Protein chains: 2
Amino acid sequence: MTIRLLLADDHRMLREGLRRSMVDEGFDVVGEAADGDEAVQLAMSLQPDVVLMDVTMPNMDGVEATRRIREVIPDVKVVMLTMHADRDVVAEALRAGAVGYLVKDCSIDEICEAIRMVMREDAALSADVAASMLDEVHRTDLPATEHVVTKREEEVLQLIADGCSTVEVAERLFISQKTVKNHLASIYQKLDARDRTQAVLSAVRMGIVHLT
Amino acid sequence: MTIRLLLADDHRMLREGLRRSMVDEGFDVVGEAADGDEAVQLAMSLQPDVVLMDVTMPNMDGVEATRRIREVIPDVKVVMLTMHADRDVVAEALRAGAVGYLVKDCSIDEICEAIRMVMREDAALSADVAASMLDEVHRTDLPATEHVVTKREEEVLQLIADGCSTVEVAERLFISQKTVKNHLASIYQKLDARDRTQAVLSAVRMGIVHLT
DNA sequence: GTCGAAATAGGCCGTTCGACCTATCAATGT
DNA sequence: ACATTGATAGGTCGAACGGCCTATTTCGAC
C-alpha cells in the first residue's frame with residue numbers, strides 16, 4: 001500500500017528532483033502539476049493520497065488550489081511548500097484546508113516524515129500535526145514576524161503597496177487621513193524607515209505585505 | 001572520469017533533489033553549499049569541475065560568489081540557476097564569469113546537457129554556449145524586460161530602492177537634485193506609477209531593481 | 001481596577017514631492 | 001542634414017509628506 005503523491009510546483013527542476021527523491025523513498029508519484037489549475041485538474045483525475053503543493057504558482061496560487069481541491073475531494077491531504085515561513089500565508093493555507101506546511105529549506109527526510117505523519121494520523125489529529133509543523137517552522141526560520149506591526153498597520157501597509165494614496169487608504173478603511181498618517185508614523189519607527197517607500201520595501205522583505 | 005559537481009542553493013529541498021538526480025545521471029556531487037560564502041569556501045577546498053549556483057542566496061548572492069570563485073580558480077565552470085530569466089541578472093552573471101545560465105523551470109535533462117556541454121567545449125567556446133542558453137531563455141521566458149527604462153533611470157530606481165532620498169541619489173550620481181526629479185518624472189510615465197513608492201514596487205515586480 | 005497598547009482624530013509646521021514648463025548638449029539613427 | 005532620444009539643469013506652485021505634539025476610547029492583561 002504505497003502512498004500516492006501529486007507534486008505541484010512551477011519549477012520543473014524542483015519537481016523532477018523531488019520526484020526522484022520521493023520515488024527513491026518508496027512513494028508513488030502519480031503526477032506533476034506546473035500551476036494551480038493543473039494541480040486541481042490532476043488532483044481530481046488522479047485522486048492522490050497527498051498533494052505536495054507550492055504556494056506561489058502561476059494561474060492559481062497554491063492556497064486557492066488547495067481550497068478548490070478540498071471542496072471536491074475532502075479526503076486528499078495537502079501539504080504546502082513555501083520559500084519562507086510567513087505566518088499569514090501559513091494561517092491562510094491551514095484555513096484553506098492544508099494539513100501541513102513545510103519550508104523549502106527542509107530536507108527530503110523531513111518531507112517524507114511529514115507525509116507519513118499526515119497519512120498515519122486521522123483527520124481529527126491533523127490540526128495538531130499542522131500545529132507541530134508550525135512549531136518546527138518557528139524554530140528553524142525567522143524567530144518571528146511576531147507582530148512587529150499591528151494588524152491595522154499591516155492593512156495600511158498593504159493598501160499602500162497596492163497603490164493607494166493616503167486619502168485612498170483612509171477611504172478604504174473608513175478612517176480619517178490623519179489616522180492613516182498616525183499609523184504610518186508608527187510604522188516608520190518600528191521598521192526603521194524614513195518614508196512610505198522604505199516602509200513598504202522593508203515590509204515586502206519581511207513578508208508582511210505581498211506584491212500582487 | 002566523472003564530472004565533479006558542487007551544488008549551491010539556499011533551499012535544502014531543491015539541493016537534495018538535485019543531488020539525487022545528478023548522482024542518478026552519473027555525476028559526482030562533491031558538495032553542497034547553502035549560501036554564497038559556503039559556495040566560495042567549498043569551491044576552493046573541493047575544486048569541483050562545475051558549480052551549479054543559485055543567484056539568490058543569503059550572505060552572498062550567486063553572482064558575487066561566482067566572481068570570487070573565478071578570481072581564485074579560473075578553471076571552475078559556473079552555471080547559474082535562477083527562478084525567472086532576467087536580462088540584467090543574466091548579463092551580470094556572465095560578466096562575473098558564469099559560463100551558463102539556466103532557469104529553474106528547465107528539466108533535469110537540460111541541466112545535464114548544459115553541464116556536459118560546458119565540460120566538452122573549451123573556454124573559447126563557452127561564450128557561445130552562454131549565448132545559446134540565453135537564446136533558450138529568451139524563447140521560453142519573458143519576451144523582454146526590453147529597456148522600459150533607461151540605464152540612468154534604472155540607477156536612480158535602484159538607489160531609491162536602496163533607501164536613498166532624492167538628495168542622496170543626486171550626491172551618489174554626481175548630478176543635481178533637479179535631474180533626479182526629472183528622471184523620476186520620466187519613470188513615472190513609463191511605469192505608470194504616481195509616486196516613487198509605486199515606481200519602485202513596479203520595478204521590483206518587473207525585476208528591474210533588486211531587494212537587497 | 002488600574003495600566004498599557006491600539007485605534008481613533010486633530011493641529012502645526014517645515015520639507016519634499018510631483019506636475020508642468022523651458023532649455024542645452026551629445027549621441028544615435030534615418 | 002535632420003529628427004529623436006537621453007542626460008543634464010532650471011523655475012514655479014500646490015499638494016502631499018513626515019515630525020512633533022495632545023487627546024479620547026476601547027480592550028485585554030495583570
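Heavy atoms only: backbone and side chains are in, while hydrogens, waters and symmetry mates are out. In what follows, chains are A, B, ... by sequence order, proteins preceding strands, each numbered from 1. On a predicted model such as this, the values are computed, not experimentally measured, just so you know.
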For a quick test of reading the model: is some side-chain N or O of B:Tyr188 closer than 4.0 Å to OP1 or OP2 of C:dG18?
yes
Have B:Asp162 and B:Gln158 got a donor and an acceptor in their side chains that come within less than 3.5 Å?
yes
Using whole Å, what does the distance between atom C1' of nucleotide D:dA9 and atom CG of B:Leu184 come to?
15 Å
Between P of D:dT8 and NZ of B:Lys181, the distance in whole Å:
16 Å
Give a yes/no on whether any side-chain N or O of B:Arg152 is located under 4.0 angstrom from OP1 or OP2 of D:dT8.
yes
So, is A:Arg194 near the phosphate of D:dG18, with a side-chain N or O under 4.0 Å from OP1 or OP2?
no
Any donor-acceptor N/O pair, A:Glu153 side chain to A:Thr150 backbone, under 3.5 Å
yes
Send over the distance from A:Glu155 CD to C:dA7 P, rounded to a whole Å.
9 Å
Roughly how far, to the nearest 0.5 Å, is the CZ atom of A:Arg116 from the CD1 atom of A:Ile3?
6.5 Å
Do the side chain of A:Thr179 and the main chain of A:Ile175 share a donor and acceptor less than 3.5 angstrom apart?
no
Sorted by number, residues from residues 162-175 of chain A placing a heavy atom under 4.0 Å from DNA chain C are A:Ile175
Send over the distance from B:Gln198 CD to D:dA16 C1', rounded to a whole Å.
15 Å
Check the phosphate of C:dA7 against A:Thr179, side-chain N and O only, distance under 4.0 Å to OP1 or OP2. Yes or no?
no
Could you tell me how far apart A:Lys151 (NZ) and C:dA7 (P) are, to the nearest whole angstrom?
9 Å
N/O contacts under 3.5 Å, protein versus nucleotides 28-30 of chain C?
none

Can any side-chain N or O of B:Arg194 pair as donor or acceptor with the backbone N or O of A:Gly163 at less than 3.5 Å?
yes
Report the distance from atom CD of B:Gln177 to atom C1' of D:dA9, rounded to the nearest whole Å.
12 Å
Spacing of B:Leu5 atom CG and B:Leu7 atom CG [to the nearest 0.5 Å]:
6.0 Å
I'd like a table of atom pairs between the protein and nucleotides 20-30 of chain D - only N or O on both sides, under 3.5 Å - with the distance next to each one.
none

Taking A:Glu168 for the side chain and A:Ser165 for the main chain, is one N or O donor matched with an acceptor at less than 3.5 Å?
yes
C:dA6, OP1 or OP2 - any side-chain N/O from A:Ser186 closer than 4.0 Å?
no
Once you round to the nearest 0.5 Å, how far does CG of B:Leu201 lie from CD1 of A:Ile160?
10.5 Å
Whether A:Glu16 side chain and A:Arg12 backbone form a donor-acceptor pair below 3.5 Å
no
In this structure, are over 12 heavy atoms from other groups packed under 6.0 Å from A:Arg172 atom CZ?
no
Does a side chain donor of either A:Thr166 or A:Arg196 reach within less than 3.5 Å of an acceptor in the other side chain?
yes
Checking the side chain of B:Gln189 only, and the main-chain atoms of B:Ser186 only, is there a donor and an acceptor separated by less than 3.5 Å?
no
Quick one: is D:dG6 close enough that its OP1 or OP2 comes under 4.0 Å of any side-chain N or O from B:His183?
no
